[in-house]
Amino acid sequence: AEPRGPARLLITTGVMGSGKSTVARAVAARLGAIVIRTDAVRKRLAGVGIHERAAAGFEQGLYTSHMSDRTYTRALQLAAEVVGAGWTVIVDGSFSRAAERAEARRVAHRLGTAHATLWCETSDAVIAERLARRTADISDGRPQLLPQHRARYETPEGEPGLVRVATDAELPVDQVLETLEGHMAI
């Protein structure tokens with residue numbers, strides 16, 4: 001397979017269960033992009049099986065601040081390699097802190113490529129339902145962790161390259177791609 005068009009760097013952001021992986025997969029399928037899941041990177045760095053569930057509380061175990069820093073640093077390193085090879089990449093993760101999102105923009109700038117942030121949003125009721133029925137997924141998000149994640153999540157309002165994606169109903173992939181086209185000349 002060959003890359004389609006110029007390489008770009010996209011990231012997802014949103015609280016657990018907000019639909020980031022679904023959005024990343026749908027957009028990647030339409031753009032011919034490669035998805036890098038921070039959940040997989042985190043577990044690989046920790047030497048944990050990809051489908052092993054982490055039972056730790058919020059910001060504990062695999063989810064300490066230090067481990068998150070390592071995870072996002074490595075995910076962006078991998079993304080830079082793939083973008084450097086000519087592919088568009090979507091880094092699928094919560095990117096809960098403004099500093100993490102700013103680093104992704106710096107990586108894109110350093111590579112001379114376009115960047116966008118896909119901000120996935122929905123109601124807490126929809127998220128709780130999704131998290132409750134999640135079983136065979138590599139993510140460790142659980143309903144009881146949502147309030148803490150929501151409280152510590154730094155919204156990306158006003159950040160450059162932001163594309164808001166409402167994920168409570170049918171995914172508006174065409175609308176997302178149209179907005180991306182305006183931001184990135186896809």
Side-chain angles (χ1 to χ4, degrees), residues 1-41 71-72 75-76 78-127 129-131 134 137 139 141 146 149-150 152-186:
E2 293 292 318
R4 292 189 218 159
R8 292 166 170 80
L9 176 60
L10 290 79
I11 64 169
T12 61
T13 189
V15 297
M16 62 182 69
S18 61
K20 299 176 300 294
S21 296
T22 300
V23 168
R25 283 190 303 267
V27 172
R30 294 284 292 275
L31 296 180
I34 294 172
V35 176
I36 296 173
R37 289 191 73 178
T38 59
D39 290 315
V41 172
T71 298
Y72 284 91
L76 290 172
L78 292 169
E81 291 175 24
V82 176
V83 167
W87 292 90
T88 292
V89 175
I90 303 174
V91 182
D92 170 20
S94 64
F95 283 88
S96 296
R97 297 181 300 167
E100 293 164 346
R101 297 185 298 270
E103 183 57 26
R105 289 190 299 275
R106 281 190 288 277
V107 168
H109 179 74
R110 189 178 76 242
L111 295 170
T113 191
H115 169 272
T117 299
L118 303 171
W119 182 12
C120 302
E121 300 180 284
T122 192
S123 71
D124 283 357
V126 169
I127 291 171
E129 179 186 318
R130 287 177 183 164
L131 293 174
R134 190 183 271 178
D137 189 80
S139 173
L146 178 60
H149 192 195
R150 175 78 70 196
R152 290 193 176 92
Y153 180 76
E154 299 171 14
T155 63
E157 190 73 52
E159 292 179 8
L162 190 63
V163 177
R164 291 178 98 138
V165 184
T167 64
D168 27 6
E170 187 173 326
L171 187 61
V173 178
D174 289 330
Q175 180 184 348
V176 171
L177 292 172
E178 190 176 300
T179 305
L180 279 172
E181 188 174 317
H183 283 296
M184 305 175 77
I186 289 177

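Hydrogens, waters and symmetry mates play no part in the numbers below; they use all other heavy atoms, side chains included. Here, residue 1 is the first one in the sequence, and each next residue gets the next number.
Atom CZ of Arg97 sits about 11.0 Å away from atom CD of Glu103, to the nearest 0.5 Å. Within the model, atoms OG1 of Thr12 and CZ of Arg25 stand 11.0 Å from one another, a figure rounded to the nearest 0.5 Å. In this structure, CD on Glu121 lies 9.5 Å from OG1 on Thr13, to the nearest 0.5 angstrom. One finds the CZ atom of Arg150 at 8.0 Å from the OG atom of Ser18 (value rounded to the nearest 0.5 Å). In this structure, the separation between CG on Leu9 and CZ on Arg110 is 10.0 Å, given to the nearest 0.5 Å. In this structure, the separation between CD1 on Ile11 and NE2 on His115 is 4.0 Å, given to the nearest 0.5 Å.
In Gln175, the CD atom is not crowded: 12 or fewer heavy atoms of neighbouring residues, nucleotides or ligands sit closer than 6.0 Å.
The shortest distance between side-chain heavy atoms of Thr122 and Arg130 falls below 4.5 Å. Taking the side chain as every heavy atom from C-beta outward, Val41 and Tyr72 never approach each other to under 4.5 Å. Proximity of Val15 to Ser94: side-chain heavy atoms (C-beta onward) are nowhere separated by under 4.5 Å. At a threshold of 4.5 Å between non-hydrogen side-chain atoms, the residues Val27 and Val165 do not count as touching. Between Val107 and Thr113, every side-chain heavy-atom pair lies at or beyond the 4.5 Å cut-off. Using a 4.5 Å cut-off on side-chain heavy atoms (C-beta onward), Arg101 and Glu154 make contact.
A donor-acceptor pair under 3.5 Å is formed between the side chain of His149 and the backbone N or O of Met16. Side chain of Thr117 to main chain of Gly161: no donor-acceptor pair is present (N/O by atom type, distance under 3.5 Å, no hydrogens or angles).
Here the closest non-hydrogen pair linking Val89 and Ala33 is N-CB, 4.5 Å. Closest of all the heavy-atom pairs between Gly93 and Thr38 is CA-OG1, 3.2 Å. Closest approach of Val35 to Ala28, counting heavy atoms only: CG2-CB, 3.5 Å. Nearest approach of Ala75 to Ile36, heavy atoms of both residues: O-CD1, 4.1 Å. For the residue pair Ala26 and Val173, the shortest heavy atom distance occurs at CB-CG2, 3.7 Å. Taking both residues in full, the closest heavy atoms of Trp87 and Ala7 are given as O-CB, 3.3 Å, listed atom of the first, atom of the second, then distance.
Screening Thr167, Val23, Leu162 against Leu118 for a side chain to side chain contact (heavy atoms under 4.5 Å, CB included) leaves a single residue, Val23.
Taking the salt bridge (Lys or Arg N to Asp or Glu O under 4.0 Å) definition, one finds that Asp168 meets it with nothing, sequence neighbours left out.
A salt bridge between Asp92 and Arg37 is present, with a side-chain N of the basic residue lying under 4.0 Å from a carboxylate O of the acidic one.
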